[in-house]
Amino acid sequence: MKSKIIFVVSLLFGLLFINAGLDKFLHHMPVPNDIPEPLMKAFGAFMEINWLLPLVGAAELLGGVLFIIPKTRALGAVVLFPVMVGILLTNTITDTSGMPIALVLLAIHLWVIYENRAKYAHLIG
């Protein structure tokens, strides 16, 4: 039962990041009108660096796909870790309105990392 729950949660988590990654390239999700000024400034700075948006989008796409597949889930968690740090920092420093969702994503991410801890053991020592 636990493996089925992890698969469903990982599938939803991976699809969320695939969608976010695709949006970096296709801009298919509408931008809300009520974005706070500090967040607009942060995204403006993010857009100024031409290569940063495609890099994050590619990491989200790759990490999302890897996260869905059970055999590569541990690698997907590593690929998405820097993106998750960015999400947490943005929701901590710039605008806290997305913090509940960010915390749920963090919990899922940490759970998958914990479940795959044996695969990371050789990296630590």
Side-chain angles (χ1 to χ4, degrees):
M1 183 66 171
K2 183 179 174 182
S3 64
K4 290 180 183 178
I5 292 170
I6 288 178
F7 176 75
V8 170
V9 168
S10 297
L11 176 66
L12 294 173
F13 185 91
L15 288 173
L16 186 137
F17 276 94
I18 290 170
N19 183 48
L22 286 173
D23 187 57
K24 304 283 188 302
F25 295 105
L26 305 175
H27 309 290
H28 64 276
M29 292 191 300
V31 179
N33 294 329
D34 59 345
I35 296 178
E37 184 64 30
L39 196 55
M40 286 299 290
K41 282 185 176 181
F43 284 141
F46 194 73
M47 300 285 272
E48 282 292 315
I49 305 170
N50 294 337
W51 54 267
L52 192 55
L53 198 63
L55 177 66
V56 173
E60 288 174 339
L61 279 169
L62 177 64
V65 170
L66 292 172
F67 208 91
I68 292 172
I69 303 167
K71 190 173 184 173
T72 61
R73 190 167 293 142
L75 179 58
V78 170
V79 170
L80 288 175
F81 191 76
V83 176
M84 194 68 230
V85 170
I87 291 169
L88 287 171
L89 287 173
T90 300
N91 285 286
T92 303
I93 297 167
T94 310
D95 180 35
T96 59
S97 65
M99 186 57 86
I101 295 170
L103 290 175
V104 169
L105 292 176
L106 177 65
I108 294 168
H109 201 158
L110 291 177
W111 183 28
V112 167
I113 288 172
Y114 179 78
E115 289 296 322
N116 289 287
R117 64 190 177 279
K119 294 179 181 178
Y120 304 123
H122 68 282
L123 296 174
I124 297 171

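Note on residues 45-59: no pairs pass salt bridge (Lys or Arg N to Asp or Glu O under 4.0 Å), not counting sequence neighbours. Sorted by first then second residue, the salt bridge (Lys or Arg N to Asp or Glu O under 4.0 Å) pairs that include residues 8-18, not counting sequence neighbours, number zero. Applying the salt bridge (Lys or Arg N to Asp or Glu O under 4.0 Å) test to pairs two or more places apart or on separate chains, none has a residue in residues 27-42. Within the structure, every pair that satisfies the salt bridge (Lys or Arg N to Asp or Glu O under 4.0 Å) test and touches residues 2-20, not counting sequence neighbours, is listed here: Lys2-Glu115. Among residue pairs with one or both ends in residues 69-93, those qualifying as side-chain hydrogen bond (donor to acceptor under 3.5 Å, both in side chains) are Ser10-Arg73; sequence neighbours excluded. Sorted by first and then second residue, the ring-ring contact (aromatic ring centres under 6.0 Å, His included) pairs with a member in residues 17-49 read Phe13-Phe17; sequence neighbours excluded.
Through direct or indirect side-chain contacts shorter than 4.5 Å among Ile, Leu, Val, Met, Phe, Trp and Tyr, Tyr114 is connected to no other residue.
With hydrogens and angles disregarded, a donor-acceptor distance shorter than 3.5 Å links the side chain of His109 to the backbone of Ala77.
Atom CG in Asp23 sits 13.5 Å away from atom CD1 in Ile18 (nearest 0.5 Å). Rounded to the nearest 0.5 Å, atoms CD1 (Ile124) and OH (Tyr120) are 10.0 Å apart.
Leu110 and Leu88 fall within the same hydrophobic cluster, where Ile, Leu, Val, Met, Phe, Trp and Tyr residues are linked whenever their side-chain heavy atoms come under 4.5 Å apart, directly or through other members. Leu16 and Phe7 sit in two unconnected hydrophobic clusters of ILVMFWY residues. Membership requires side-chain heavy atoms under 4.5 Å apart, directly or through other members. Hydrophobic clustering (side-chain heavy atoms under 4.5 Å, transitive across Ile, Leu, Val, Met, Phe, Trp, Tyr) keeps Val79 apart from Ile87. Placement of Leu12 and Val83 in two distinct hydrophobic clusters is found when ILVMFWY residues are connected by side-chain heavy-atom separations under 4.5 Å, directly or transitively. Residues Leu75 and Leu80 fall into different hydrophobic clusters, defined by Ile, Leu, Val, Met, Phe, Trp and Tyr side chains chained together at heavy-atom separations under 4.5 Å.
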Quiz prompt | Steps toward side chain to side chain contact (heavy atoms under 4.5 Å, CB included) verdict (Met29, Asn19) | solution = CA-CA 9 Å; Met29 292 191 300; Asn19 183 48; 3.3 Å; yes
Kindly list each side-chain donor-acceptor pair under 3.5 angstrom involving residues 94-106, sequence neighbours excluded, with atom names and distances?
{"from": "Asp95", "atom 1": "OD2", "to": "Ser97", "atom 2": "OG", "distance (Å)": "2.7"}

Less than 3.5 Å apart, which donor and acceptor atoms pair up between the side chains of residues 49-68 and the rest of the protein, not counting sequence neighbours?
{"from": "Glu60", "atom 1": "OE1", "to": "Gly21", "atom 2": "N", "distance (Å)": "3.1"}
{"from": "Glu60", "atom 1": "OE1", "to": "Lys24", "atom 2": "NZ", "distance (Å)": "3.0"}
{"from": "Glu60", "atom 1": "OE2", "to": "Lys24", "atom 2": "NZ", "distance (Å)": "3.4"}

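Partners of Ile35 by side-chain contact (heavy atoms from CB on, under 4.5 Å), not counting sequence neighbours, listed by chain and number: Val31, Pro32, Leu39, Met40. Every residue two or more places apart in sequence or in another chain was checked for a side-chain contact (heavy atoms from CB on, under 4.5 Å) with Pro82, and none qualifies. Among residues two or more places apart in sequence or in another chain, the side-chain contact (heavy atoms from CB on, under 4.5 Å) test is passed with Val9 by Ile5, Ile108, Trp111.
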